[in-house]
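Quick note: residue numbers are just sequence positions, from 1.
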Amino acid sequence: MFTGSYMRPFLGLSLAVLLAGCATHHGTVENTSSSHSLWEQSDATSGYTPRPEDVLMHAIGLVGTPYRWGGNTPDSGFDCSGLIRYVFEQSANVSLPRTTQQMWAQGGSSVGRRQLRSGDVVFFATNGGKQVSHAGIYVGEERFVHAPSTGGTVRLDELNSPYWQKVYLAAKRFMP
């Protein structure tokens with residue numbers, strides 16, 4: 001059982017992250033019904049099938065990594081789409097495009113707000129209107145991991161906050 005000093009580092013990190021918008025890759029949100037079976041890229045030799053839990057744990061593990069426009073590795077830092085692409089490639093063997101607009105156009109399954117599951121990608125219009133300009137990885141319990149703007153770090157935020165509710169556009173599922 002986790003008690004006392006075992007939980008303090010986790011709770012401290014969680015609070016710091018919760019108290020703490022991304023590269024603006026613009027594109028109009030379009031409702032595409034085509035669904036590509038990106039998650040069917042399991043490794044036939046090992047029998048490994050990617051799981052949404054792998055995606056969310058990897059994303060949470062990158063909290064604190066510096067933001068860098070155009071960044072796509074932990075060493076160089078991340079912008080929002082670089083973070084998403086890196087996490088999905090490394091933890092689920094799912095290859096996603098480089099920009100948020102391309103991710104939206106890629107396919108996957110559209111997901112209603114009430115049907116969000118860990119590992120879904122959430123899209124936002126942080127510049128107003130219906131233009132995709134930011135994205136993050138939903139981790140559950142109304143929280144998502146994302147790489148905000150210059151000067152920030154990868155962090156965990158509340159989807160229910162007034163700001164994120166206002167700019168929320170849609171979500172896609174790239175895993176089963």
Pairing residues for Phe78 by the ring-ring contact (aromatic ring centres under 6.0 Å, His included) criterion, not counting sequence neighbours: Tyr86
Trace of the side-chain hydrogen bond (donor to acceptor under 3.5 Å, both in side chains) decision for Gln102 with Thr99: CA-CA 5 Å; Gln102 292 167 336; Thr99 69; 3.2 Å; yes
Side-chain touch Lys172/Met103, heavy atoms, less than 4.5 angstrom: no
Minimal non-hydrogen separation, Arg68 against Ser76, with atom names: NE-O, 2.8 Å
Nearest non-hydrogen partners of Gly70 and Asp79, listed with the distance: N-OD2, 2.9 Å
Leu169/Phe124 under side-chain contact (heavy atoms from CB on, under 4.5 Å): CA gap, chis, key distance, verdict: CA-CA 5 Å; Leu169 288 174; Phe124 303 93; 5.6 Å; no
Chi angles and distances behind the side-chain contact (heavy atoms from CB on, under 4.5 Å) call for Trp164, His134: CA-CA 11 Å; Trp164 294 114; His134 189 67; 3.7 Å; yes
His58 vs Leu62, side-chain contact (heavy atoms from CB on, under 4.5 Å): CA-CA, chis, key distance, verdict: CA-CA 7 Å; His58 198 160; Leu62 293 167; 3.9 Å; yes
Side-chain donor/acceptor of Arg143 to backbone N/O of Glu158, under 3.5 Å: no
Taking every non-hydrogen atom, the tightest pair across Val111 and Tyr168: O-OH, 4.5 Å
Interatomic distance, Ser118 atom OG to Arg51 atom CZ [nearest 0.5 angstrom]: 11.5 Å
Nearest-0.5 Å distance that lies between atom OG in Ser110 and atom CD in Gln115: 11.5 Å
Side chains of Thr126 and Ser133, donor plus acceptor under 3.5 Å: yes
Main-chain N/O of Pro66 paired with Thr153 side-chain donor or acceptor, under 3.5 Å: no
Glu89 CD to Arg85 CZ distance, which is reported to the nearest 0.5 Å: 4.5 Å
Spacing of Leu96 atom CG and Ile84 atom CD1 [to the nearest 0.5 Å]: 8.0 Å
Side chain to side chain contact (heavy atoms under 4.5 Å, CB included) partners of Arg117, counting only residues at least two apart: Asp120, Arg173
Residues in salt bridge (charged side-chain N to carboxylate O under 4.0 Å, His left out) contact with Glu142, at least two apart in sequence or another chain: Arg113
Inter-residue atom distance Leu116.CG - Leu159.CG, 0.5 Å rounding: 6.5 Å
From SG (Cys80) to OH (Tyr67), nearest 0.5 Å: 7.0 Å
